[in-house]
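Accompanying notes for the structure given below.
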2 protein chains.
Amino acid sequence: MAWTAANSEGYPAPAALRVDVVVLTVREQAPQVLTVGGRALPGGFVGAGEDPADTARRKLREKTGVDRAYLEQLATFARPGRDPRGWVPTVAHLALVPPDTETDDPAAAWVGVDASLAYDHHEIVATAVERVRGKLWWSNVAVGILPGAFPLSDARTVYEAIARITYDPATFARDLKATGLVAPTGERRSEGRGRPAALYRFASERPVWGAGRRKRVAT
Amino acid sequence: MAWTAANSEGYPAPAALRVDVVVLTVREQAPQVLTVGGRALPGGFVGAGEDPADTARRKLREKTGVDRAYLEQLATFARPGRDPRGWVPTVAHLALVPPDTETDDPAAAWVGVDASLAYDHHEIVATAVERVRGKLWWSNVAVGILPGAFPLSDARTVYEAIARITYDPATFARDLKATGLVAPTGERRSEGRGRPAALYRFASERPVWGAGRRKRVAT
DNA sequence: GAAATAGTGTCTGTGAGACAATATTAC
DNA sequence: GTAATATTGTCTCACAGACACTATTTC
């Protein structure tokens with residue numbers, strides 16, 4: 001039986017308010033999202049007196065241990081019938097985490113962003129990917145996936161996976177440096193064969209808008 | 001006394017779900033929003049079994065008579081304490097309407113986007129203006145404000161008010177035409193003195209993304 | 001005629017795409 | 001040495017900003 005609720009004025013009310021989190025990273029040259037039991041997005045109910053953003057942070061921490069991630073509100077999904085439990089709108093959030101993020105939950109799994117998911121979660125994921133793609137060259141969203149020091153080739157892999165396009169390595173390096181979002185650490189790292197790459201890091205871990213590149217992404 | 005609600009499982013639930021609509025246009029060379037009684041945004045409660053997008057359409061029609069407007073979901077505001085009535089999240093929507101839109105409501109008024117408003121509505125309006133500004137040259141959002149045939153000078157006024165920048169008339173015309181979003185109607189219209197201007201219209205009334213200009217807007 | 005608005009043409013600077021050439025490492 | 005990766009440099013094209021100039025209207 002579906003949940004119902006009524007308010008003190010006697011009118012029907014939402015049975016609950018949810019938050020679902022699209023935990024996104026790039027693994028194996030592809031964007032992937034974290035799912036928990038039954039191909040659903042991690043999420044939970046917003047408590048009374050709780051800000052949904054805090055619910056999202058709480059759920060992210062519970063599932064991944066990640067404490068400071070890039071996190072933003074995505075959109076609210078409240079179409080009637082979307083949740084079999086009843087009238088349960090969900091405020092979807094987007095979180096970007098490093099590729100090595102793991103979880104205790106044995107039912108959790110990383111899946112590609114085109115995987116079919118429970119409920120309307122595939123639609124939520126599609127919205128999330130579009131959002132990240134749109135902000136890629138205009139903000140430092142990628143800092144969520146690359147929080148520490150990284151060679152520009154790693155950054156290129158991340159950008160390519162999200163933009164669904166391949167960039168010329170030289171041009172990519174020139175343009176990412178020109179955004180001013182990244183700064184060299186001064187160190188180098190060798191990844192097997194080849195000349196060791198200089199390491200960079202994002203200048204700010206806080207959300208920054210306005211890199212201001214017009215680089216192409218797939219449309 | 002604040003409203004409360006509980007669901008059939010015995011847990012507290014939101015007292016209601018609201019939709020508030022930022023009805024935006026450009027009047028007197030400035031972006032303005034429609035307010036109703038007490039400097040609040042028009043809005044209402046989402047009925048049981050209703051999609052919030054439909055609630056937004058319904059409210060827009062009730063207040064302005066506008067039936068087909070550019071309408072999109074903006075963001076959800078659910079910070080505890082934002083609504084004195086109790087736990088009432090609102091799914092804010094953005095609607096763009098023509099400047100001549102009027103309303104029956106005697107308490108309704110068009111106000112500048114920097115006017116102080118009730119509740120957290122100023123924050124909602126600020127989010128709306130940023131959203132429109134970000135999409136201005138990348139979509140046909142402006143079709144909501146300019147639904148029919150218009151001279152390019154009118155379009156320039158709208159774009160300038162939203163972008164908070166002045167464009168060179170010649171360059172503006174060249175670049176707006178180059179987006180492919182507008183098409184000439186073949187007609188001309190004389191506005192008092194001066195050479196009559198050719199009229200244009202947006203090629204599509206439905207949302208179109210991807211004009212793909214890098215024109216500046218104020219940041 | 002003057003004033004006002006519309007529209008065309010042109011020059012220039014910047015940045016993105018492409019890619020050649022060089023540098024530094026492992027083997 | 002070769003293969004592989006990193007990095008620098010360069011050429012070109014597209015496009016935005018600026019602005020001079022022409023066109024068409026009202027007065």
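Below, all heavy atoms of this structure are taken into account, side chains as well, without hydrogens, waters or symmetry copies. On a predicted model such as this, the values are computed, not experimentally measured, just so you know.
When the options A:Tyr167, A:Phe150, A:Phe172 are evaluated for a ring-ring contact (aromatic ring centres under 6.0 Å, His included) with A:Tyr159, the one that passes is A:Phe172.
Note on A:Thr171: every side-chain N or O is 4.0 Å or more away from OP1 and OP2 of C:dC19. Within the 4.0 Å cut-off from OP1 or OP2 of C:dA26, not a single side-chain nitrogen or oxygen of A:Ser190 is found. Regarding contacts with the backbone of C:dG15, every side-chain N or O of A:Lys177 stays at 4.0 angstrom or more from both OP1 and OP2.
Interatomic distance, CG of A:Asp100 versus CD1 of A:Ile145, reported as 12.0 Å (0.5 Å rounding). Put simply, OG1 on A:Thr179 and CZ on A:Phe202 are 7.5 Å apart, with the number rounded to the nearest 0.5 Å.
Across all strands, A:Ala170 comes closer than 4.0 Å to base atoms (heavy-atom distances). Note on B:Ala198: only backbone sugar-phosphate atoms sit closer than 4.0 angstrom, heavy atoms only; bases stay farther off.
As rounded to whole Å, 12 Å separates atom C1' of D:dA6 from atom CD of A:Glu191. Rounded to whole Å, atom C1' of C:dT10 lies 13 Å from atom CG of B:Asp168. Between A:Asp175 atom CG and C:dT14 atom C1' the separation is 12 Å, expressed in whole Å. Here the C1' atom of nucleotide C:dG17 and the OH atom of A:Tyr159 are 18 Å apart, to the nearest Å. Atom CH2 in A:Trp137 sits about 8 Å away from atom P in C:dA16, given to the nearest Å. Protein atom CZ of A:Arg195 is 18 Å distant from nucleotide atom P of C:dC27, rounded to whole Å. Distance CZ (A:Arg174) to P (C:dG17): 8 Å, rounded to an integer number of Å. Whole-Å rounding puts the A:Trp138 CH2 to C:dG15 P distance at 12 Å.
Across A:Thr55 and A:Gly44, no two heavy atoms sit closer than the pair CG2-O, 4.4 Å.
Salt bridge A:Glu50/A:Lys59: absent, no basic N to carboxylate O contact under 4.0 Å.
Ranked by how close their nearest DNA chain D nucleotide is to the 5' end, A:Pro169 and A:Gly194 are led by A:Gly194.
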